[in-house]
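Data block below; observations after.
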Amino acid sequence: MKASQFSISTIKETPSDAEIVSHQLLIKGGFIKKLASGIYSWMPMGLRVLRKIEQIVRDEMDRSGAQELLMPVSQPGELWEESGRWQLYDEGLLLKFKDRHDRDFCFGPTHEEVITDIARTELRSHKQLPVNYYQIQTKFRDETRPRFGVLRAREFIMKDAYSFHNSLDCLQSTFEQMHATYTQILTRMQLEFRAVDADSGSIGGSGSIEFHVLADSGEDLIAFSADGSYAANIELAEALAPEANDTPMKALTKVETPNQKTISAVVSFLDVPVETTIKTLIVEGSQTPLVALVLRGDHTLNTLKAEKLPEVRQPLTLAAEADIQSTIGCAPGSIGPAGLNNCPIVVDRSAGVLYNFVCGANEDGFHFTNVNWHRDTPDIVIADIRNVVSGDPSPNGNGALDIRKGIEVGHIFQLGNKYSAPMKATVLDAEGKAQTMVMGCYGIGVSRLVGAAIEQNHDDKGIVWPASIAPFQVVVIPINAHKSPNVERVSLELYEQLEAAGIEVLLDDREQLRPGVKFAEAELIGYPHRIVVGDRTLANNEVEYTERRTLEGANWPISEVTTRLLSALGKAQ
RNA sequence: CGGGGCGUAGCGCAGUCUGGUAGCGCACCACACUGGGGGUGUGGUGGUCGUAGGUUCAAAUCCUGCCGUCCCGACCA
């Protein structure tokens with residue numbers, strides 16, 4: 001491709017509405033263009049990247065034996081009534097509309113309903129199973145708050161696959177195969193990632209695994225052991241109970257703590273280690289109006305774990321201050337388990353092994369010190385309700401946990417019969433009886449991967465694309481070709497040679513631009529390899545090579561450019 | 001959905017407090033110079049100041065409604 005015939009529209013200024021680096025660089029580099037909040041056009045340069053990722057995904061899905069199909073973007077509301085999700089998603093997410101006959105429709109945020117409808121008519125016999133259908137297609141979700149450019153867009157491109165089985169064992173084997181396929185996809189994209197145990201959320205089903213690209217801007221926290229044998233979303237990672245060390249109990253003391261309403265305030269006011277303090281959160285209960293959740297002062301509540309407690313009402317809701325006042329008799333900030341008799345108390349494992357700790361005295365402006373469980377408190381329930389922190393022991397016993405941020409780019413689920421049962425998707429089994437199919441579903445955010453790849457691969461000059469997904473693998477920049485026929489001839493010959501060798505190369509033949517502009521732009525756009533052709537080195541029959549990632553250069557003999565690039569790109573000649 | 005910020009040329013912004021000829025930088029067009037790190041000069045193009053209404057002799061500026069957009073939170077297969 002010649003730059004003179006290809007739209008490149010970079011801008012120097014950082015767009016004011018782009019917060020994170022991938023969004024800024026995609027806009028600055030002219031890869032995408034915003035049409036509305038969370039809705040973007042893919043410009044020619046950006047589309048090349050998107051297509052690269054799609055092709056890797058398609059390739060590996062096909063290799064796994066899955067079959068590609070394409071389902072409609074618009075879906076009849078009736079189908080969603082059948083699965084029960086029309087009402088469930090009544091507020092937000094589902095963008096609904098009506099056709100001219102006043103019939104309900106929605107833009108597909110996902111395609112379980114449509115694929116299950118296809119499966120129940122296409123699949124009749126257990127002999128046809130298992131089958132795994134996939135598509136790469138535009139989805140629309142009316143996110144309450146689109147943000148981060150293509151990382152949380154409303155309209156986005158996703159690969160979604162749905163498998164059908166006649167047994168859980170069969171589902172399990174496809175699930176494992178998809179695990180391997182996703183691993184292969186992300187490996188080919190040259191991204192650093194982790195597959196982690198995850199909550200299956202509102203899509204339902206049992207086991208699920210998320211794939212996260214590691215990046216500091218990630219919205220999720222993932223915990224994993226150093227040896228890689230354990231990895232889970234922090235939502236799910238189990239906090240083990242520490243060993244209790246038997247300490248002699250001291251006498252309970254009530255101390256005045258005027259206006260000390262936060263843990264950090266109490267810690268500095270009383271000059272005690274934060275690990276010896278307790279905080280108490282009051283939430284709405286399922287069997288009682290209120291429930292107390294107790295954590296060590298330096299720990300945070302894991303809402304997902306708390307929500308699963310039988311005592312707690314779903315969804316987890318912090319109690320209103322007025323209810324706390326009337327039931328407990330003090331404001332939040334002075335609550336504590338000691339003497340708290342009018343609601344159940346659930347204590348985190350780590351808090352439950354403390355001796356002589358500090359907590360609120362259930363009276364504004366007072367705390368207790370040297371509190372001890374049982375002696376000073378009513379009956380308690382011990383549970384795992386906190387988020388793990390870095391350094392916690394790994395739940396599988398292998399070393400300590402490390403915590404990193406990740407961008408969720410893939411999620412695979414074992415759905416079971418959540419959709420097939422209500423939608424009556426059955427096949428006849430060997431005995432000729434109707435049997436509800438078991439389903440799995442597997443998603444990869446294709447457009448999100450574009451952003452995730454940049455979050456993980458950039459520097460202060462711009463994007464550093466992994467070669468496998470770069471819009472072009474090589475850029476050839478002639479210097480002052482309009483003045484030097486030699487430069488023009490060599491750069492054109494190199495360009496043709498590289499193309500012939502199957503390398504995707506962009507020849508920056510735009511005459512009106514000065515070299516500095518081309519260099520800066522090349523670094524912004526992030527071509528992995530750069531060849532500069534100028535009279536300076538041409539005298540020695542050489543050109544200048546620069547690797548984008550290291551920005552280190554070297555002079556290469558013209559005759560060896562193709563061979564060296566092929567080997568840098570890992571291609572056999 | 002709660003809290004906050006911002007809407008002025010394609011992009012980034014000033015002007016709004018204190019009402020009175022709509023500005024700057026980048027980009028774009030023309031010409032000249034320049035030609036190895038977003039170069040220089042000269043001359044230009046481009047704006048119903050988000051929108052609807054109100055106050056006023058007069059509104060980008062004051063008042064009210066609406067819309068859009070971004071941030072924090074809630075939410076998120």
Side-chain angles (χ1 to χ4, degrees), chain A residues 8-20 23-24 27-28 30 33-39 83 85 88-89 91-94 108-113 115 139-149 151-154 156 158-162 198-205 208-210 219-220 235 303-304 315-318 408-415 418-419 439-445 448 461-462 477-484 487 508 510-525 530 532-538 543-544 546 551 553:
Chain A
I8 298 176
S9 53
T10 59
I11 51 172
K12 272 194 265 186
E13 311 206 41
T14 300
S16 64
D17 57 0
E19 187 74 3
I20 62 168
H23 190 191
Q24 292 174 349
I27 302 259
K28 283 180 80 169
K33 214 172 172 60
K34 187 175 83 171
L35 180 65
S37 178
I39 301 178
S83 69
R85 292 208 291 182
L88 191 67
Y89 289 164
E91 291 157 21
L93 189 69
L94 255 195
T110 176
H111 281 72
E112 281 81 8
E113 281 78 3
I115 197 70
K139 298 272 189 277
F140 191 96
R141 292 183 191 172
D142 200 4
E143 295 278 356
T144 45
R145 192 179 155 208
R147 56 183 136 173
F148 304 147
L151 289 181
R152 185 172 295 284
R154 290 194 292 174
F156 59 98
M158 170 167 153
K159 186 284 303 178
D160 48 329
Y162 306 89
D199 182 62
S200 47
S202 63
I203 197 162
S208 86
I209 291 179
E210 288 171 349
E219 290 188 89
D220 285 289
E235 289 178 342
T303 53
L304 207 66
L316 185 85
T317 313
L318 283 174
E408 183 190 346
V409 294
H411 201 158
I412 58 179
F413 300 84
Q414 300 186 31
L415 291 177
K418 174 167 173 162
Y419 297 90
M439 288 175 65
C441 83
Y442 320 93
I444 274 195
R448 176 178 280 188
K461 295 192 186 312
I477 301 181
I479 302 292
N480 299 327
H482 63 294
K483 281 192 176 172
S484 163
V487 167
D508 197 346
R510 295 170 297 175
E511 284 188 12
Q512 66 280 20
L513 293 186
R514 299 165 64 89
V517 177
K518 292 184 180 183
F519 294 154
E521 196 172 68
E523 278 147 14
L524 170 62
I525 289 174
R530 183 179 85 187
V532 173
V533 182
D535 279 327
R536 245 187 227 177
T537 53
L538 231 42
V543 294
E544 295 156 65
T546 308
L551 291 175

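To find a chain, count down the sequence lines: A is the first, B the second, and so on, and within it residues start at 1. Computed from a predicted model, the values in this text were never measured in an experiment.
By the rule that a glycosidic angle within 90° of 0 means syn, B:U21 counts as syn.
Here the shortest heavy-atom pairing between A:F156 and A:R154 reads CD2-O, 3.5 Å.
Base pairing analysis places B:C75 opposite nothing; no Watson-Crick or G-U wobble pair with both distances below 3.5 Å involves it. Here B:U40 sits opposite B:A32 as a Watson-Crick or G-U wobble pair (both hydrogen-bonding atom distances under 3.5 Å). For B:G47, there is no paired base (Watson-Crick or G-U wobble, both distances below 3.5 Å). Nucleotide B:A14 forms a pair with no other nucleotide shown, judged by Watson-Crick or G-U wobble geometry with both contacts under 3.5 Å. Judged by Watson-Crick or G-U wobble contacts below 3.5 Å, the nucleotide B:U69 has B:G5 as its partner. In a base pair of the Watson-Crick type (N1 to N3 plus N6-O4 or O6-N4) or a G-U wobble (N1-O2 and O6-N3), with each distance short of 3.5 Å, B:C57 is matched with B:G20.
Nucleotide B:G73 holds its P atom 17 Å from the CG atom of A:L316, rounded to whole Å. Atom P of nucleotide B:C11 and atom CD1 of A:I27 are separated by 11 Å, given to the nearest angstrom. Regarding A:E19, its CD atom lies at a distance of 7 Å from the C1' atom of B:C71, rounded to whole Å. Nucleotide B:U69 holds its P atom 10 Å from the CG atom of A:L35, rounded to whole Å.
Contact annotation: A:T144 does not reach the phosphate of B:C76 (side-chain N/O to OP1 or OP2, under 4.0 Å). Note on A:S16: every side-chain N or O is 4.0 Å or more away from OP1 and OP2 of B:C70.
When each of A:G443 and A:K33 is assigned the nucleotide of RNA chain B bearing its nearest heavy atom, the one mapping closer to the 5' terminus is A:K33. Place A:P15 and A:R147 on RNA chain B by their nearest nucleotides, and A:P15 ends up nearer the 5' end.
Across B:U69, B:G25, B:C72, the shortest atom-to-atom separation from the side chain of A:E13 is found for B:G25.
At a threshold of 4.0 angstrom between heavy atoms, the contacts of A:Y442 with the nucleic acid are absent.
The C1' atoms of B:C26 and B:G39 are separated by 14 Å, rounded to the nearest whole Å. On the C1' atoms, B:C70 is 26 Å away from B:C62, given to the nearest whole Å. B:A59 and B:U64 are spaced 15 Å apart, taking the C1' atom of each and rounding to whole Å. Nucleotides B:C28 and B:G73 place their P atoms 39 Å apart, quoted to the nearest Å. Distance noted for atom C1' between B:G4 and B:G46: 34 Å (whole Å). B:G43 and B:G5 have their C1' atoms separated by 40 Å, with the value rounded to a whole Å. B:U40 and B:G47 have their C1' atoms separated by 29 Å, with the value rounded to a whole Å. Nucleotides B:A60 and B:A52 place their P atoms 13 Å apart, quoted to the nearest Å.
Using a 4.5 Å heavy-atom cutoff, the side chains of A:I209 and A:Y442 are not in contact. Contact of the A:R510 side chain with the A:V517 side chain is not registered, since no non-hydrogen atoms from C-beta on lie closer than 4.5 Å. Side chains of A:D535 and A:V487 form a contact here, defined as non-hydrogen atoms less than 4.5 Å apart.
With respect to the salt-bridge test (charged N to carboxylate O, under 4.0 angstrom), the residues A:E544 and A:R536 do not qualify. Under a 4.0 Å N-O distance rule, the pair A:R152/A:E219 qualifies as a salt bridge.
In this structure, A:R85 fails the cation-pi test against A:Y419, since its NZ or CZ atom is not both closer than 6.0 Å to the six-membered ring centre and inside 45 degrees of the ring normal.
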Where protein sits on nucleotides 27-38 of chain B, one letter per nucleotide: B base, S sugar-phosphate only, - none, heavy atoms under 4.0 Å: S------BBBBB
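Under the side-chain hydrogen bond (donor to acceptor under 3.5 Å, both in side chains) criterion, A:Q24 pairs with no residue at all, not counting sequence neighbours.
Residue-to-nucleotide contacts include no donor-acceptor pair under 3.5 Å from the side chain of A:R145 to the base of B:C76.
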Name every donor-acceptor pair, under 3.5 Å, that has one atom in a side chain of residues 8-16 of chain A and the other anywhere in the protein, sequence neighbours excluded.
| unit_1 | atom_1 | unit_2 | atom_2 | d |
| --- | --- | --- | --- | --- |
| A:T10 | OG1 | A:E521 | OE2 | 2.7 |

